[in-house]
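These notes are about the structure you will find just below.
As the structure lists them, so they are numbered: ligands from 1, and atoms in each ligand from 1.
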Amino acid sequence: MTVKEIFETMDYGPAPESAGDALAWIVDQGSRFGHFIDGAFTEPGEGFDSRNPATDEVLATLTQATQADVDAAVAAARKAQPKWEKLGGPGRARYLYALARLLQKHARLFAVLETLDNGKPIRESRDIDIPLAQRHFYYHAGMAQLMDSELPDARALGVCGQIVPWNFPLLMLAWKIAPALAMGNTVVLKPAEWTSLTALLFADICQQAGLPKGVVNIVTGDGAVGERVVAAEVDKIAFTGSTEVGRKIRAATAGRGISLTLELGGKSPYIVFEDADIDSAIEGLVDAIWFNQGQVCCAGSRLLVQEGIAEVFHERLRTRMDKLRIGDPLDKCIDVGALVDPEQLRRVEALVSGSDGTVYRANCDLPEGCYYPPTLIYGLSPASPLMQEEIFGPVLVSTTFRTPSEAVEVANNTRYGLAASLWSENINTALDIAPQLVAGVVWVNGTNMFDAAAGFGGVRESGFGREGGWEGLRAYTRPVEDAKPQTPVVAFEGDSAEPQPVDRTAKLYIGGKQARPDGGYARNVFDAKGALIGQAPIANRKDIRNAVEAARSAGGWAKATAHNRAQVLYFIGENLSARAGEFATLIDRLTGGKSGKSEVETAVNRLFTYAAWADKFDGDVRSVPMRGVALAMNEPCGVIGALCPDEAPLLGLISVMAPAIAMGNRVVLVASEPFPLAALDFYQVLETSDVPGGVVNILTGSHTELAPTLATHMDVESVWSFSSTDLAQTIENGAAGNLKRTWVNNAKTRDWQGPAGEGRAFLEAATEVKTVWVPYGA
Ligand code: NAI
């Protein structure tokens, strides 16, 4: 092309990046890779080809890890862990810093290798994936440095199994490995089978950094290898990938007492208000849905545009789509590269071919092979699978809304809750809508912004746990041991033990009212000497459902000001204090002990403590590298179901209830099973303390029978158990349905009177961090 012709057409010429160094690195390694275990590469074994999706050429042959390989990797990690932890934060920081430096030094090699392996445009791997991976190691080098002084009560978990997907192979590795290592854990990481090469290059730089052997282990292979990692003797599983596999992992880890974080799929809304800067919003949309060919968990894949501008917006969008350049990912001028694998291409094609909407495909030259054109689909019904399911390709679905409240309703009409973008030039609109969106991350006038200092992760079926920021570290630490094993606490027996039909006995407390149990039965409650004290209703699954419904409809509590919530907690404390003697006597009689007085005193104090916390468990502002702020806001989880401690009938219930409602949650509490009567008297206190109906619901009955209903209920966001019966397996397995959060402290007891019975751990469990990015710009 002559200079004259270039000036005439203003077309971009090709600007290919050379693949030479990356291909040479593969050849240097023998083009066949084993695993990286205990500081060394193993001999290649039975394996599979790793291909460049843009050309279909085989790049290398990888090894499918056997059970023995996974066992060896876990054993190496286990052996290395104590020494790595003992090295101390500053010692580990040096290694993380060295890894960051080496990632920076070899940035070009990493970027080209990533593009060859994944098909993503080099512009993205060079400017986004690799710099963010470096940033993650730098940031966490800092976290390691500060751990001893800033997190004195945190300990490493031990060995972490980490499973990452193919859409951001190195970046997801960095998100997983950097915080784990910083906090003193060792890891066994499994990259996705389509994209393992940058993980193996990372293993190479671990050697160059002189990282102690066994600290990082990498095993390659498909989902079966993932299953082996999940089944291994690890202390934590961290997973990023599809919701379907996340659910399987939740079930497979149930009851094993290991930590779990899941970063899963999404169908994130991209909301454009009438007063938005339309051109910026369209440019943002290019980054939201055509970044990485739309293979992004938080892709803005659902466009919601306000009716008044819908026509002009779609028109300009189609014009912009036609200008997207699609082709050779190594070409620096390319906007849209290849999909990761022909299988993914088929998945996307199959989903779109079933569309009942109007499909617009970008008018571009589509190269042969694993490419799919940027696509816009509109006119779909809200229930259409394309509006609800993750397509994970360059396909945008679009709908309209009339009012801001309708925008919120449509945006939240999804089982996911990963991210959301909203565009408006009106700060009032933006800051009004952002908190109402059910999502872990909200971008105002922007999209797909990430940083190590800002937490990332979802709610609902987008998973749980955060990566990045201080909250990300929590997922890689445990508190210094404060719980002791416990045998089940059993009720006292006595005469006439047959349950009686309910007469004028205590009732359940549902929706702010006393309610007879659905089954109509109660059980006799005896004291230590076998004398009858009273009767406690036996709740069943219907009662749980009624209580959850009542809790759901008390959503106004989350919107009450923290000051108001504090006032209600003070009031409960005051009213309980007025009846302290009566409760102390009842507790002593119920438990056959003498701690009633101190239990009530501590309970009153605890109510005051959480009244104090209600308006002080603040979010903060994160120093992200942009002109703007990233707000980390603590939001309530929603409806929390809790099986209360058996051994401390009043204090246990209050220790669970108070932090949850202080943070704006509503609770369904199943009281101490052996000693239920104190809870039933306590609702009289609630009734006189201005607690809105439905905020606290109290049931009595069998923990074993009620736990499965709570755990599987689709309208419960979180389940806690401090029961003395081991219900971990039941709860964690049941929670896989809607991927609710769980906090199970089973068959263990803690000192409810002491510091272990209150504090930040409870507040953190009662909240989710939402990150709201607000860039500046005039
Ligand atoms: P996937 O969830 O199957 O794979 C992610 C990782 O999990 C890979 O390393 C895989 O080998 C591993 N894995 C698969 N089955 C496993 C099991 N039973 N136990 C443990 N590990 C297992 O995702 P896939 O099949 O690659 O993509 C399917 C769809 O999932 C995509 O079309 C997309 O919709 C979604 N997806 C979402 C991602 C996200 O970041 N949210 C990432 C990747 C895929």
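- The only member of Arg474, Lys236, Arg466 that meets side chain to side chain donor-acceptor pair (under 3.5 Å) when paired with Thr261 is Lys236.
- Under 4.0 angstrom from ligand 1, the non-hydrogen atoms of Glu193 all belong to its side chain.
- Taken to the nearest 0.5 Å, the CD1 atom of Ile731 stands 11.0 Å off from the OG1 atom of Thr712.
- Taking 4.0 Å as the cut-off, Glu244 does not count as a neighbour of ligand 1 on heavy-atom distance.
- When only non-hydrogen protein atoms are considered, atom 44 (C) of ligand 1 lies nearest to Phe392 CE2, 3.8 Å.
- When heavy-atom distances to ligand 1 are checked against a 4.0 Å cut-off, Val229 has no atom that comes that close, whether in backbone or side chain.
- Among the atoms of Val164, some N or O lies under 3.5 angstrom from an N or O of ligand 1.
- Geometrically, ligand 1 and Trp194 share no nitrogen or oxygen pair separated by less than 3.5 Å.
- Atom 39 (C) of ligand 1 has its nearest heavy-atom neighbour, among Cys297, Gly463, Ala231, in Cys297.
- Between Gly226 and ligand 1, no pair of N/O atoms sits closer than 3.5 Å.
- Less than 4.0 angstrom separates atom 4 (O) of ligand 1 from none of the non-hydrogen atoms of the protein.
- Scanning the protein heavy atoms around atom 26 (O) of ligand 1, the nearest turns out to be Trp166 NE1, 2.5 Å.
- The ring pair (Phe, Tyr, Trp, His ring centres under 6.0 Å) check on Trp743 picks up Trp720, Phe722, Phe762, with sequence neighbours excluded.
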*List the steps, then state whether side-chain contact (heavy atoms from CB on, under 4.5 Å) holds for Arg250 with Leu260.*
CA-CA 8 Å; Arg250 170 66 290 183; Leu260 176 67; 3.6 Å; yes

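- Applying the 6.0 Å contact sphere to CD of Gln207 captures more than 12 heavy atoms from other residues, nucleotides or ligands.
- Gln64 places no side-chain N or O within donor-acceptor distance of the main-chain N or O of Glu46, the cut-off being under 3.5 Å.
- Partner Trp175 forms a ring-ring contact (aromatic ring centres under 6.0 Å, His included) with one of Tyr476, Phe456, Tyr139 and no other, that one being Phe456.
- Distances below 4.0 Å separate heavy atoms of Ile163 from the following atoms of ligand 1: 6 (C), 7 (O), 9 (O), 12 (C), 20 (C), 21 (N).
- For atom 7 (O) of ligand 1, the closest non-hydrogen atom of the protein is Phe239 CE1, 3.2 Å.
- Taking each of Val225, Val348, Val245, Leu339 in turn, the one with a heavy atom nearest to atom 16 (C) of ligand 1 proves to be Val245.
- Of all protein heavy atoms, the one closest to atom 43 (C) of ligand 1 is Pro165 CB, 3.5 Å.
- Proximity of Arg347 to ligand 1, defined as any heavy-atom pair under 4.0 Å, is confined to the side chain (atoms from C-beta onward).
- Contact atoms of ligand 1 toward Ala192: 9 (O) (distance under 4.0 Å to a heavy atom of the residue).
- Ligand-side atoms of ligand 1 in range of Glu227: 17 (C), 18 (N), 19 (N), 20 (C), range being under 4.0 angstrom from any heavy atom.
- The contact set between ligand 1 and Leu264, taken as ligand atoms under 4.0 Å from a residue heavy atom, comprises 41 (N).
- Which of Ala299, Gly223, Pro191 comes nearest to atom 15 (N) of ligand 1 through a heavy atom is settled by distance: it is Gly223.
- Under a 3.5 Å cut-off, the side chain of Thr220 and the backbone N or O of Thr63 do form a donor-acceptor pair.
- Considering backbone and side-chain atoms alike, Glu263 places every N or O at 3.5 Å or more from each N or O of ligand 1.
- Not a single donor-acceptor pair under 3.5 Å links the side chain of Asn217 to the backbone N or O of Val188.
- Of the charged side-chain nitrogens involved, none lies within less than 4.0 Å of a carboxylate oxygen, so that Arg622 and Asp451 do not count as a salt-bridged pair.
- Under the 4.0 Å criterion applied to side-chain N and carboxylate O atoms, Glu717 and Arg741 are not assigned as salt-bridge partners.
- Expressed to the nearest 0.5 Å, how far CG of Leu132 lies from CZ of Phe450 amounts to 7.5 Å.
- Residue contacts with ligand 1: Ser242 is placed with a nitrogen or oxygen under 3.5 Å of a nitrogen or oxygen of the ligand (distance criterion only).
- Between Phe168 and Phe291, the ring planes are tilted. Angles from 30° to 60° get that label.
- Atom numbering of ligand 1 starts at 1 in the shown order; those under 4.0 Å from a heavy atom of Gly265 are 41 (N).
- In terms of N/O distances under 3.5 Å, ligand 1 is not approached by Thr240.
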